[in-house]
Amino acid sequence: MKLTVIGCWGGFPKPDEASSGYLLEHNGYRLLIDFGSGVLSKMQKILQPEEIDAVIVSHYHPDHIADIGVLQHARLIQGILGKEIESLPIYGHSQDEIEFSKLSYKNITKGMAYQPDQTLTIGPFEVQFLQTDHPVPCYAMRIEAEGKSIVYTSDTSYKEEFIPFSEGTDLLVCECNFYGNQNGKSVGHMTSFDAGKLANKAKVKHMLLTHLPHFGSIEQLKEEASQVYNGPISIASFQWSITLAEKNN
């Protein structure tokens, strides 16, 4: 199971970069986790829109779904140009009916409602959900395949329920939108100390800090998290990748 970062910025992308988007691959299957602003452009350096097998979104804030519309048009245009394009499943929760309806477009994409209290099978992946602490309905995901697991927190402030949910995961993809001296609780985000605390308590094997802030020194996030968690910590960047059971690139 291989994870590659497409976009990692919170709120909006930095110049020539992207907000939330992650490519997860296993046995030739390609799943995009969230599809924020700039993701389509950056993704094409790795794979083309018609090569995606499925998309799953955590919630409907623009920095996580902004490029869904242009993905739909990209696949439409590829079909017009003669490529065989199957309808792409896009999984999302249905608690926001208006936003969920936008996941379906002609015969190009089809919105598929996941049930947060049930395990979802997508290709080779088994996905479990945990509602996060965020201003809108948002779901973290624990994704497993052949004995390996990744937990993606999406957007959330710290909550104890994440500890059993993330227990022993091979990779914790943890949002870290604030520094240790700040308080992200009111806006539904974690600090560097929150991330370290979660990784430590859940005994995760590797933590990737993402959903990064647009201010301060990003390396400080890692330094602060390491005061609480002594395992390996990486900071997300475009094309950062890890194949589980192997060292990150």
Side-chain angles (χ1 to χ4, degrees), residues 1-25 30-75 88 90-92 99 102-103 109 125 127 132 134 136 138-141 143 150-156 171-178 184 187-190 192 195 206-219 221-222 233-243 248-249:
M1 186 158 59
K2 179 181 180 182
L3 181 87
T4 303
V5 175
I6 308 297
C8 57
W9 293 99
F12 65 98
K14 282 197 169 186
D16 300 319
E17 298 201 32
S19 57
S20 296
Y22 309 87
L23 171 63
L24 188 60
E25 301 172 90
R30 292 163 166 171
L31 171 68
L32 264 292
I33 305 168
D34 282 344
F35 217 91
S37 179
V39 167
L40 183 69
S41 176
K42 300 298 288 186
M43 183 193 73
Q44 289 176 85
K45 294 179 179 291
I46 301 170
L47 78 163
Q48 298 308 304
E50 64 271 19
E51 296 174 324
I52 302 171
D53 293 298
V55 177
I56 188 167
V57 297
S58 59
H59 66 299
Y60 299 110
H61 275 160
D63 57 329
H64 292 257
I65 62 156
D67 271 16
I68 291 289
V70 289
L71 169 64
Q72 291 166 333
H73 281 88
R75 290 176 67 93
L88 177 72
I90 303 180
Y91 296 85
E99 292 299 330
K102 296 176 184 177
L103 302 183
T109 62
F125 304 114
V127 187
T132 74
H134 202 55
V136 300
C138 176
Y139 290 92
M141 305 169 201
I143 306 176
I150 288 174
V151 170
Y152 170 55
T153 67
S154 189
D155 290 9
T156 186
L171 179 66
L172 175 65
V173 182
C174 190
E175 82 116 276
C176 190
N177 208 217
F178 287 92
V187 289
H189 291 292
M190 278 197 268
S192 52
H206 192 139
M207 178 165 65
L208 175 67
L209 301 178
T210 192
H211 203 270
L212 303 173
H214 290 269
F215 54 90
S217 171
I218 298 300
E219 283 296 323
L221 298 172
K222 181 177 178 179
I233 302 173
S234 300
I235 296 177
S237 60
F238 174 57
Q239 286 191 307
W240 183 96
S241 69
I242 187 169
T243 300
N248 58 285
N249 297 330

Just wondering, do [Y] and [X] contact through their side chains at under 4.5 Å, heavy atoms?
X: T243; Y: M1; value: no
X: D34; Y: L32; value: no
X: L212; Y: N177; value: no
X: L208; Y: I235; value: no

Closest non-hydrogen atom pair, [X] against [Y]:
X: G10; Y: D63; value: C-OD2, 4.0 Å
X: G188; Y: E175; value: O-OE2, 3.7 Å
X: Q44; Y: P49; value: CG-CD, 4.1 Å
X: G38; Y: D67; value: N-OD2, 3.2 Å
X: L209; Y: C176; value: CD2-CB, 4.1 Å

Given [X], which partner from the list [options] fulfils the side chain to side chain contact (heavy atoms under 4.5 Å, CB included) test?
X: L23; options: L47, L3, L31; value: L47
X: I56; options: Y91, F125, Y139; value: Y91
X: L71; options: V39, I65, L88, T109; value: L88

*Between I33 and I143, is a side chain to side chain contact (heavy atoms under 4.5 Å, CB included) present by the stated rule, with each step listed?*
CA-CA 10 Å; I33 305 168; I143 306 176; 3.6 Å; yes

From [X] [atom1] over to [Y] [atom2], what is the distance, rounded to the nearest 0.5 angstrom?
X: L40; Y: Q48; atom1: CG; atom2: CD; answer: 9.0 Å
X: Y152; Y: D155; atom1: OH; atom2: CG; answer: 6.5 Å
X: H61; Y: C138; atom1: NE2; atom2: SG; answer: 8.5 Å
X: Q239; Y: I6; atom1: CD; atom2: CD1; answer: 7.5 Å

Is a donor from one side chain sitting under 3.5 angstrom from an acceptor on the other, for [X] and [Y]?
X: Y22; Y: T210; answer: yes
X: H189; Y: T156; answer: no
X: S154; Y: S58; answer: yes

Checking the side chain of [X] only, and the main-chain atoms of [Y] only, is there a donor and an acceptor separated by less than 3.5 Å?
X: Q72; Y: K102; value: yes
X: E17; Y: F238; value: no
X: H214; Y: F12; value: yes
X: S19; Y: S37; value: yes

*W9 and H211: aromatic ring centres closer than 6.0 Å?*
no

*Assign the ring pair H59 / H134 to parallel, tilted or perpendicular, where the plane angle (0 to 90°) is split at 30° and 60°.*
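Geometry flag for H134 against H59: perpendicular rings.
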
_Trace of the side chain to side chain contact (heavy atoms under 4.5 Å, CB included) decision for H206 with S234_ = CA-CA 8 Å; H206 192 139; S234 300; 2.9 Å; yes

*Begin from the C-alpha positions of I46 and T4 and carry the test side chain to side chain contact (heavy atoms under 4.5 Å, CB included) through to its verdict.*
CA-CA 9 Å; I46 301 170; T4 303; 3.9 Å; yes

*side chain to side chain contact (heavy atoms under 4.5 Å, CB included) between T153 and T132: does it pass, once the steps are laid out?*
CA-CA 8 Å; T153 67; T132 74; over 6 Å; no

